[in-house]
Amino acid sequence: MPDLPTIDLRSDTVTKPSPAMRAAMAEAEVGDDVYGEDPTVNRLERDAARITGKEAALFVPSGTMGNNIAIKMHTRHGDEILCESRSHVFDWELSMVGWFSGCLARPVAAEDGILTWRKIQPVLRTGSPHNAATTLICLENTHNMAGGTLYPLETIDEICAKAHARGVKVHMDGARVFNAAAALKIPVARIVREVDSVMFCLSKGLGAPVGSMVAGTAEAIAQARLYRKRLGGGMRQAGILAAAGLIALHESPAHLEQDHANARFLARALSDLPGIRIDPAAVRTNIVIFEISAPGVEAAEFVRQLQSHGVLAGTVPGERIRLVTHSNVSRADCERAAEVLAAAATRQSTQTVTA
Ligand code: TLP
């Protein structure tokens with residue numbers, strides 16, 4: 001049998017730039033962006049602001065930098081911020097909320113990753129001689145570790161209205177907000193209409209090699225520009241990267257529904273397998289998370305088995321396995337991945353039965 005290419009489902013961060021992106025990068029008009037003179041970056045920032053319905057946007061090297069610049073611009077040292085307990089800002093950003101913004105992150109658990117005002121209200125603090133005030137709520141949409149779940153519009157709007165009435169800001173970690181928009185079939189601008197800022201990634205499902213955007217008011221983004229420079233994120237001829245970002249922004253959203261259909265396909269295939277726990281109905285975007293229910297089988301060992309048969313998956317906390325679909329995996333790849341998953345599941349269930 002000929003060697004088949006590896007199918008990489010570890011993350012949508014693994015996508016390689018398309019030929020159109022590479023061509024645009026080669027031809028990009030550039031300038032020094034720290035002087036504000038890179039026409040391609042300027043265009044990307046203008047377009048991102050328009051598409052998110054915000055006054056201004058800033059190109060940043062990564063989602064992590066974007067989130068932390070946003071948290072910094074909405075808070076002061078010693079404030080509390082509120083976020084979901086498995087959110088990226090809390091769990092995956094090296095405690096930057098404390099390290100960079102000097103804030104305490106108060107996590108609130110939600111089974112499906114989706115915060116509601118009912119969950120938020122009891123833990124919001126107004127500030128007193130004993131308690132620091134909560135000044136920011138972070139919503140992750142889609143929620144990565146909950147399996148790409150998404151916020152209903154009413155939930156976002158209610159949180160924003162009630163938070164704003166108390167002088168609390170709302171930031172959306174919208175690393176995958178274009179996936180949410182594709183799933184809900186509504187514009188991103190509507191999803192983020194009420195939030196004070198949004199970060200979204202060009203380098204995940206949208207397929208650009210590098211970069212994320214932070215959008216908000218002109219005043220907040222002017223401040224964000226200074227924080228980016230402080231963090232060493234002032235990039236010079238960044239138009240080379242922004243050129244790919246423009247293609248990601250304008251052309252990739254139309255293809256996301258295909259990734260979602262592939263994720264649903266994998267989820268359905270997994271739900272038929274012995275020793276696997278998954279609710280396929282919960283898979284709405286491009287992230288599929290499942291558990292091994294067979295006793296004594298470790299997620300890491302299952303992932304090693306998949307890898308030895310050419311399928312890369314990732315483990316996530318809680319002995320769970322994550323598959324992420326993206327533009328570099330086709331339906332045919334997912335069909336082959338489903339066969340590899342089926343063989344691994346059958347092997348482990350027969351081993352557990354005979355053990
Ligand atoms: N997520 C990565 C890992 O860091 C877990 C992935 O493979 O999914 N917000 C969310 C919701 C994210 O999922 C990520 C990256 C980020 C922010 C950070 O983006 P980068 O990696 O560009 O710093």
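We number each residue from 1, following the sequence as shown. We count ligands from 1, going down the list as the structure has it; atoms in each ligand are counted the same way.
Taking the charged nitrogens against the carboxylate oxygens, Glu27 and Arg22 have no contact shorter than 4.0 Å, which rules out a salt bridge.
Side-chain N/O atoms of His88 and Glu140 include no donor and acceptor closer than 3.5 Å.
Between His74 and His171, the ring planes are tilted. Angles from 30° to 60° get that label.
The list of side chain to side chain donor-acceptor pair (under 3.5 Å) pairs with a residue in residues 95-110, not counting sequence neighbours, reads Glu80-Arg106.
Applying the side chain to side chain contact (heavy atoms under 4.5 Å, CB included) test between Asp8 and each of Asp333, Leu312, Val329 identifies Leu312 as the sole match.
Listed by chain and number, Ser11, Ser62, Gly63, Thr64, Asn67, His88, Trp92, Glu93, Glu140, Asn144, Asp173, Ala175, Arg176, Met199, Lys204, Arg322 each place a non-hydrogen atom less than 4.0 angstrom from ligand 1.
Stacking of Arg331 on the aromatic ring of Phe265 is recorded, both the 6.0 Å distance cut-off and the 45° axial limit being met.
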